[in-house]
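See below for the structure under consideration.
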Amino acid sequence: MCRTLAAFPTTCLERAKELKTRLGIFLHKSELGSDTGSVGKFEWSSKHSKEGNFSEDVLGWKESFDLLLSSKNGVAAFHAFLKTEFSEENLEFWLACEEFKKLRSATKLASRAHKIFEEFIRSEAPKEVNIDHETRELTRVNLQAVTATCFDVAQGKTRTLMEKDSYPRFLKSPAYRDLAAQAAAASASPASGSPAEPLHT
């Protein structure tokens, strides 16, 4: 997985790896092939329906950006798409902020806040997000007295940027269109044991 996800709990990383495999159709056309091995196309089979209504989940991603971000599968697919555009830092920052806001220990908040700042906010950061100078400075000042909301402005700006820029391209991508077509086909014939013939590499 990415260096930036190293701070996440092991269970989150395992879940991410599982989703990356399940959503291999997005990774198939990216540069990730080298670190994921031979990634095949997304395999649509009955096992997915046992994990909630996956086809409705996929089709719901185009309804709103909020629905995409509230879906673990959606976030994994969107992240894989952003990697193909070399612009995954905004989503990774947004996810880091979401995890950060769940922390209850003041010590952990302060420690994590500085790591996030160094990773995403400071000038020339390894995963520097695209925010204006004023927001960058406001965030720097916020770190002098860390609270769960110290990244809210920067997080909001990156979210808006993703929603207006990357999200529409994600919905138009061949990978999402293909996945949505499979999901629509599965929804239309729920009684069928195998709505689509699995694809193998």
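Taken from CG in Leu103 to CZ in Arg112, the straight-line distance is 5.0 Å, to the nearest 0.5 Å. The distance from atom OG of Ser87 to atom CZ of Phe81, rounded to the nearest 0.5 Å, is 7.0 Å. Here CD of Glu92 is found 3.5 Å from NE2 of His79. Values are rounded to the nearest 0.5 Å. The OG atom of Ser166 sits 9.0 Å away from atom CG of Leu91, with the distance rounded to the nearest 0.5 Å. A distance of 6.5 Å separates CG of Asn90 from CG of Asn130, quoted to the nearest 0.5 Å. Interatomic distance, Lys101 NZ to Cys150 SG, rounded to the nearest 0.5 Å: 10.5 Å.
Between Val75 and Leu69 the shortest heavy-atom distance is CG2-O, 3.5 Å. Taking each heavy atom of Gln155 and Thr158 in turn, the nearest pair found is O-OG1, 2.9 Å. Taking both residues in full, the closest heavy atoms of His114 and Ala110 are given as CD2-O, 2.9 Å, listed atom of the first, atom of the second, then distance. Between Val58 and Ala180, the shortest heavy-atom contact is CG1-CA, 3.9 Å. Across all their heavy atoms, Ala154 and Thr139 have their closest contact at CB-OG1, 3.8 Å. In terms of heavy atoms, Val146 sits closest to Ala113 at CG1-CB, 3.8 Å.
For the pair Ser111 (side chain) and Lys108 (backbone), a donor-acceptor distance under 3.5 Å is absent. Counting only distance, with no hydrogens or angles, the side chain of Tyr167 and the backbone of Thr160 share no donor-acceptor pair below 3.5 Å. Formation of a donor-acceptor pair under 3.5 Å by the Ser71 side chain with backbone atoms of Leu68 is not found in this model. Under a 3.5 Å cut-off, the side chain of Thr149 and the backbone N or O of Asp152 do not form any donor-acceptor pair.
Residues Leu171 and Phe78 share a hydrophobic cluster, clusters being chains of Ile/Leu/Val/Met/Phe/Trp/Tyr side chains in contact below 4.5 Å. Put simply, Leu143 and Leu138 are part of two different groups of oily side chains (I, L, V, M, F, W, Y) that touch within less than 4.5 Å, one to the next. Leu109 and Val153 are assigned to two separate hydrophobic clusters, defined by single-linkage of ILVMFWY side chains at heavy-atom distances under 4.5 Å.
With respect to Arg169 and Glu85, a salt bridge is recorded, a charged nitrogen being found less than 4.0 Å from a carboxylate O. Between Lys115 and Glu118 there is no salt bridge, since none of the side-chain N atoms of the basic residue sits less than 4.0 Å from a carboxylate O of the acidic one.
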| request: Begin from the C-alpha positions of Lys127 and Glu88 and carry the test salt bridge (charged side-chain N to carboxylate O under 4.0 Å, His left out) through to its verdict. | output: CA-CA 9 Å; Lys127 290 279 189 177; Glu88 69 272 20; 2.9 Å; yes
| Where do Ile121 and Arg140 land on the side chain to side chain contact (heavy atoms under 4.5 Å, CB included) test, with the steps shown first? | CA-CA 8 Å; Ile121 302 296; Arg140 188 193 305 277; over 6 Å; no
| request: Test salt bridge (charged side-chain N to carboxylate O under 4.0 Å, His left out) on Lys83 and Glu89 and set out the steps. | output: CA-CA 9 Å; Lys83 275 185 164 293; Glu89 66 280 351; over 6 Å; no
| Working for salt bridge (charged side-chain N to carboxylate O under 4.0 Å, His left out), residues Asp66 and Arg159 | CA-CA 10 Å; Asp66 285 326; Arg159 186 198 181 284; 2.3 Å; yes
| query | For Lys157 and Met162, what are the C-alpha separation, side-chain angles and deciding distance, and is it a side chain to side chain contact (heavy atoms under 4.5 Å, CB included)? | reply | CA-CA 9 Å; Lys157 298 237 174 167; Met162 288 190 293; over 6 Å; no
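Between Phe151 and Phe100, the ring-plane angle classifies as perpendicular under the 30° and 60° cut-offs. Relative ring orientation between Trp61 and Phe170 is described as tilted, the plane-to-plane angle lying within the 30° to 60° band. Ring pair Phe93/Phe120 is tilted by interplanar angle, where 30° to 60° counts as tilted.
Between the side chains of Thr135 and Asp132, at least one donor N or O lies within less than 3.5 Å of an accepting N or O.
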